[in-house]
Number of protein chains: 2
Amino acid sequence: MAIIVDKEQKRTDIACACKEILLEYGIKNLTISHIAKTAGIGKGTVYEYFENKEDIVFEIITVFISEYEQRLLEVLKKDISTKEKIFYFLYIGFEDEESKRQLTLYREFLAITMTSGTEEMVAFNIECRNKFALLITDIFKDGMQRGDICEGLEHLTSALLAFKLGLIVETQTANLDTQREITNFLSLFYTLIEKKDT
Amino acid sequence: MAIIVDKEQKRTDIACACKEILLEYGIKNLTISHIAKTAGIGKGTVYEYFENKEDIVFEIITVFISEYEQRLLEVLKKDISTKEKIFYFLYIGFEDEESKRQLTLYREFLAITMTSGTEEMVAFNIECRNKFALLITDIFKDGMQRGDICEGLEHLTSALLAFKLGLIVETQTANLDTQREITNFLSLFYTLIEKKDT
DNA sequence: CATAATTGACCGATAGTCAGTCAAAAGGAT
DNA sequence: ATCCTTTTGACTGACTATCGGTCAATTATG
């Protein structure tokens with residue numbers, strides 16, 4: 001038998017090879033030829049590993065999200081207050097320039113999923129959502145155990161996720177000052193959920 | 001001098017003439033030729049009134065948002081509870097099939113703004129955001145005056161807007177059950193903001 | 001030599017352009 | 001007022017450049 005390449009691995013490799021130009025130009029301003037040349041492969045080969053041009057964004061976002069999750073886990077396992085945990089949960093992804101560049105590509109991915117999303121993309125989004133929902137639920141549960149916040153807040157998990165996604169979108173579409181929005185929100189929100197008795 | 005047409009009006013007219021096919025196919029699956037034919041004008045004429053293909057979506061969304069605002073105002077001036085007002089604020093836009101169709105096109109508009117938004121689009125989004133922020137602030141203020149809810153909630157306005165936007169996106173990208181999310185959220189959220197003493 | 005992998009010339013679709021047409025209005029001469 | 005000329009802006013669709021995606025041919029591998 002001839003050589004068998006690890007399709008999944010090569011898919012990732014190609015996407016990663018194009019990471020820089022993807023971040024710089026975005027998928028809309030890139031041609032398949034440019035992508036192929038950057039990855040050092042022929043144009044036709046691209047289609048061995050990707051369904052179409054947009055699919056490349058999907059792959060690189062997969063990588064980004066996984067890195068993002070690691071960073072988040074890293075921060076959340078620190079010994080910080082419940083309030084700070086919620087803050088970081090909301091703020092990570094907006095904190096430095098590199099994250100902001102990645103967000104731009106993530107927005108392109110959202111745009112693709114919204115307008116021509118495949119089953120796989122939706123499945124991936126649901127999976128991510130569940131993963132991050134678990135994280136925030138843990139923050140809440142931990143906060144309740146510590147006696148920092150009220151009972152029953154697990155049910156706000158989903159809303160916090162939607163809130164963060166909304167921020168990601170609005171930061172771009174309506175020029176929102178993200179950090180300001182988050183601190184504003186949190187300062188009031190936390191007084192609402194804080195356990196009042198001593 | 002030759003005939004002078006009201007450019008702004010004609011822009012709206014063309015977009016409205018294409019309303020149905022826009023809702024049915026979305027801008028991605030429409031060609032300029034198809035659009036021009038539907039509007040009963042030449043292909044070149046389209047570019048007299050629109051910057052590019054996507055600009056047509058911008059125009060029709062302008063119309064939709066204005067209708068949406070009217071509907072919302074209509075509902076909010078009814079004599080209903082603060083909780084119901086917040087519910088409708090969140091829920092309108094998801095309520096019937098026609099609204100859902102319009103939402104699909106709105107998502108395309110969001111996608112466009114996120115990936116290749118113009119100054120005008122961002123300005124429009126900010127303006128809309130401010131308008132709707134005012135509405136929700138009024139709901140809160142009214143609720144506070146009635147003694148239904150705690151003081152200081154105006155500062156949550158912005159967060160509610162982001163939350164709703166997040167829902168709009170996630171409904172599509174992660175197959176979310178919107179109504180469920182809203183009622184879930186509201187049942188807990190409202191107990192948090194409700195005025196406790198009698 | 002069989003099979004997997006790669007390739008880039010090629011194709012079809014289409015967004016956007018532009019040189020030219022047309023009709024309405026303005027102006028001027030009578 | 002009427003006719004004719006000129007001007008102007010709206011409108012048009014054939015045309016072009018671009019580019020995503022395909023596939024027959026080629027190369028590499030074991």
Side-chain angles (χ1 to χ4, degrees), chain A residues 1-18 21-22 24-61 105 108-109 111-118 120-121, chain B residues 1-18 21-22 24-60 105 108-109 111-113 115-118 120-121:
Chain A
M1 223 192 1
I3 189 171
I4 304 279
V5 303
D6 182 341
K7 291 252 173 190
E8 210 38 69
Q9 183 58 49
K10 184 141 187 182
R11 198 180 135 95
T12 308
D13 291 346
I14 295 171
C16 285
C18 296
I21 56 168
L22 276 171
E24 180 161 1
Y25 302 106
I27 197 69
K28 281 194 63 162
N29 302 311
L30 283 174
T31 64
I32 288 286
S33 304
H34 191 174
I35 287 166
K37 193 167 280 178
T38 305
I41 58 177
K43 204 175 147 183
T45 312
V46 173
Y47 288 92
E48 281 294 312
Y49 300 94
F50 299 94
E51 289 289 312
N52 49 44
K53 211 175 104 170
E54 283 71 33
D55 198 22
I56 301 168
V57 177
F58 186 17
E59 183 60 30
I60 198 84
I61 288 301
L105 201 61
E108 269 199 325
F109 173 66
I112 293 164
T113 321
M114 279 199 291
T115 55
S116 54
T118 61
E120 285 82 27
M121 290 180 188
Chain B
M1 228 207 332
I3 187 170
I4 302 283
V5 304
D6 181 342
K7 291 252 175 191
E8 211 39 69
Q9 184 57 49
K10 182 138 191 182
R11 198 180 135 95
T12 308
D13 290 344
I14 295 172
C16 285
C18 297
I21 56 166
L22 276 171
E24 180 161 358
Y25 301 106
I27 197 70
K28 282 194 64 164
N29 301 311
L30 282 175
T31 64
I32 289 286
S33 305
H34 191 175
I35 287 166
K37 193 167 283 179
T38 304
I41 58 177
K43 203 175 148 186
T45 311
V46 173
Y47 290 93
E48 284 290 316
Y49 299 93
F50 300 94
E51 289 290 312
N52 50 43
K53 213 175 105 169
E54 284 70 34
D55 199 20
I56 301 168
V57 177
F58 186 18
E59 184 60 31
I60 197 81
L105 201 61
E108 269 198 324
F109 174 65
I112 293 163
T113 321
T115 57
S116 54
T118 62
E120 284 83 25
M121 290 179 187

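Just so we're on the same page: letters track the sequence lines, and every chain starts at 1. This is a predicted model, so every value here is computed, not measured.
Between the P atom of D:dT22 and the CZ atom of A:Phe50 lies a distance of 15 Å, rounded to the nearest Å. Between A:Lys43 atom NZ and C:dC11 atom P the separation is 13 Å, expressed in whole Å. Per the geometry, CD1 belonging to B:Ile112 stands 14 Å off C1' belonging to C:dA15, to the nearest Å. Rounded to whole Å, atom P of C:dA23 lies 18 Å from atom CD1 of B:Ile4. Atom C1' of nucleotide D:dA10 and atom CD of B:Glu8 are separated by 17 Å, given to the nearest angstrom. The distance from atom NZ of B:Lys28 to atom P of C:dA15 is 12 Å, rounded to the nearest whole Å. Following rounding to the nearest Å, B:Ile32 (CD1) and D:dT12 (C1') show an atom-to-atom distance of 14 Å. The distance from atom NE2 of B:His34 to atom C1' of C:dG16 is 19 Å, rounded to the nearest whole Å.
Here the side chains of B:Glu108 and B:Glu54 are not in contact, with every heavy-atom distance at 4.5 Å or above.
Between A:Glu48 and A:Lys10, none of the side-chain N atoms (NZ, or NE/NH1/NH2) sits under 4.0 Å from a carboxylate O, so this pair counts as no salt bridge. We find that A:Asp6 and A:Arg11 are not joined by a salt bridge, their nearest charged nitrogen and carboxylate oxygen being 4.0 Å or further apart.
Nucleic acid contact for B:Lys10: sugar-phosphate only, since backbone atoms but no base atoms lie under 4.0 Å from a heavy atom of the residue. Contact annotation for B:Tyr49: backbone-only contact, meaning every heavy-atom pair under 4.0 Å involves sugar-phosphate atoms and none involves a base. Contacts of B:Thr45 with the nucleic acid, taken as non-hydrogen atoms under 4.0 Å apart, include base atoms. Among the atoms of the strands shown, only primed sugar atoms or phosphate atoms (P, OP1, OP2) are found under 4.0 Å from some heavy atom of B:Lys7. At the heavy-atom level, B:Ile35 lies nowhere under 4.0 Å from the strands shown.
Under 4.0 angstrom from either OP1 or OP2 of D:dG20 there lies at least one side-chain N or O belonging to A:Lys53.
When distances run from any side-chain atom of A:Glu48 to the nucleotides D:dC11, C:dT6, D:dG21, the shortest one goes to C:dT6.
Classification of the A:Phe58-A:Phe109 ring pair by plane angle, with boundaries at 30° and 60°, yields parallel.
If you find the closest nucleotide of DNA chain D to B:Ile41 and to A:Thr31, the one lying nearer the 5' end belongs to B:Ile41.
The backbone N or O of A:His34 lies less than 3.5 Å from a partner atom in the side chain of A:Thr38, making a donor-acceptor pair.
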